[in-house]
Amino acid sequence: MSQSTFEDDDLFDEAAADVRTDVEEHLAAARDALPESDAIWTVEADNTLGVLNALGQALDTGDAAERLRDAKKWYAMGERADAFDDADDLAKQIEELETVIEDVETAHDHASALSSTVPELRGALDEAGEAASEGGNDEGESDADTDADAEEAEEAAE
């Protein structure tokens, strides 16, 4: 083999190591961007809506998904170039982190859905309770009271 072939091989090995380092750095950054477990477990609020809003905010993945995307991009490039001697550990880390991010995003969606449903549910329950106690005679007044109560609950949670 010629001297240039040895140099090219050395350069390729160096580039492969750089690509692996980039993948590992992006994976670490994605993990760091995930919410802390205590942030989603310990929430202080005055009411259920406040808890749900705090939980929704705590479940924000920040730029974890973008960092994971960058890791996957560099990993794919390294794989296609056959730059990795053994990349099974990287593939496993990517898969595990992808699952965690999906789970957090799903929980965030559930918390957001409940945040919008709870005030409506409270209003409907208040309305049903008032109708039962009044015998269902004065619906217009109870609708206004229920709407005002739901708005107050939302404002208190924010």
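Reckoned from all heavy atoms, side chains included, excluding hydrogens, waters and symmetry mates.
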Minimum heavy-atom separation for [X] and [Y], please, with both atom names.
X      : Y     : result
Val104 : Pro35 : CG1-CG, 4.0 Å
Ala83  : Ala16 : O-CB, 3.1 Å
Ala87  : Glu79 : CB-OE2, 3.4 Å

Ignoring hydrogens and angles, write down the donor-acceptor pairs under 3.5 Å from the side chains of residues 55-65, residues two or more places apart or on other chains.
residue : atom : partner : partner atom : Å
Asp60   : OD1  : Gly62   : N            : 3.2

| query | Are Ile40 and Val51 joined in one hydrophobic group, where the rule is that I, L, V, M, F, W and Y side chains link up if heavy atoms are under 4.5 Å apart? | reply |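 In one cluster with Ile40: Val51, no.
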| request: Might you confirm whether atom CG of Asp85 has over 12 heavy atoms from other residues, nucleotides or ligands at distances under 6.0 Å? | output: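 Open: at most 12 neighbouring heavy atoms sit under 6.0 Å from CG of Asp85.
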| field | Lys/Arg-Asp/Glu bridge criterion (N-O < 4.0 Å) met for Arg67, Glu25 | value |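 Salt bridge flag = no for Glu25 with Arg67.
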| query | Can Asp89 and Lys92 be counted as an ion pair, charged N to O under 4.0 angstrom? | reply |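 No, Asp89 and Lys92 are not salt-bridged.
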Taking the side chain as C-beta and beyond, is there a heavy-atom pair between [X] and [Y] under 4.5 Å?
X     : Y     : answer
Glu24 : Leu90 : yes
Arg31 : Gln93 : yes
Leu97 : Leu34 : yes

[X] [atom1] to [Y] [atom2] distance, which is reported to the nearest 0.5 Å:
X      : Y      : atom1 : atom2 : result
Glu96  : Leu27  : CD    : CG    : 10.5 Å
His26  : Thr21  : NE2   : OG1   : 11.0 Å
Leu49  : Asn53  : CG    : CG    : 4.5 Å
Asp109 : Leu114 : CG    : CG    : 11.5 Å

| side chain to side chain contact (heavy atoms under 4.5 Å, CB included) between Leu121 and Leu125, intermediate numbers included | CA-CA 6 Å; Leu121 180 59; Leu125 291 170; 4.0 Å; yes
| query | What's the verdict on side chain to side chain contact (heavy atoms under 4.5 Å, CB included) for Glu98 and Lys72, showing C-alpha distance, side-chain angles and the deciding distance? | reply | CA-CA 10 Å; Glu98 197 168 40; Lys72 289 170 69 173; 2.4 Å; yes
| request: With sequence neighbours left out, write down each residue that passes side chain to side chain contact (heavy atoms under 4.5 Å, CB included) with Asp103, or none if nothing qualifies. | output: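 Per chain and number, Asp103 pairs via side chain to side chain contact (heavy atoms under 4.5 Å, CB included) with Thr99.
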| message | Using only atom types and a distance under 3.5 Å, with no angle test, would you say the side chain of Ser116 pairs donor to acceptor with the backbone of Ala113? | response |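 Here the side-chain-to-backbone pair exists.
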| message | Give me each pair satisfying ring-ring contact (aromatic ring centres under 6.0 Å, His included) with a member in residues 84-126, each pair once, sequence neighbours excluded. | response |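 Output for this query lists Tyr75-Phe84.
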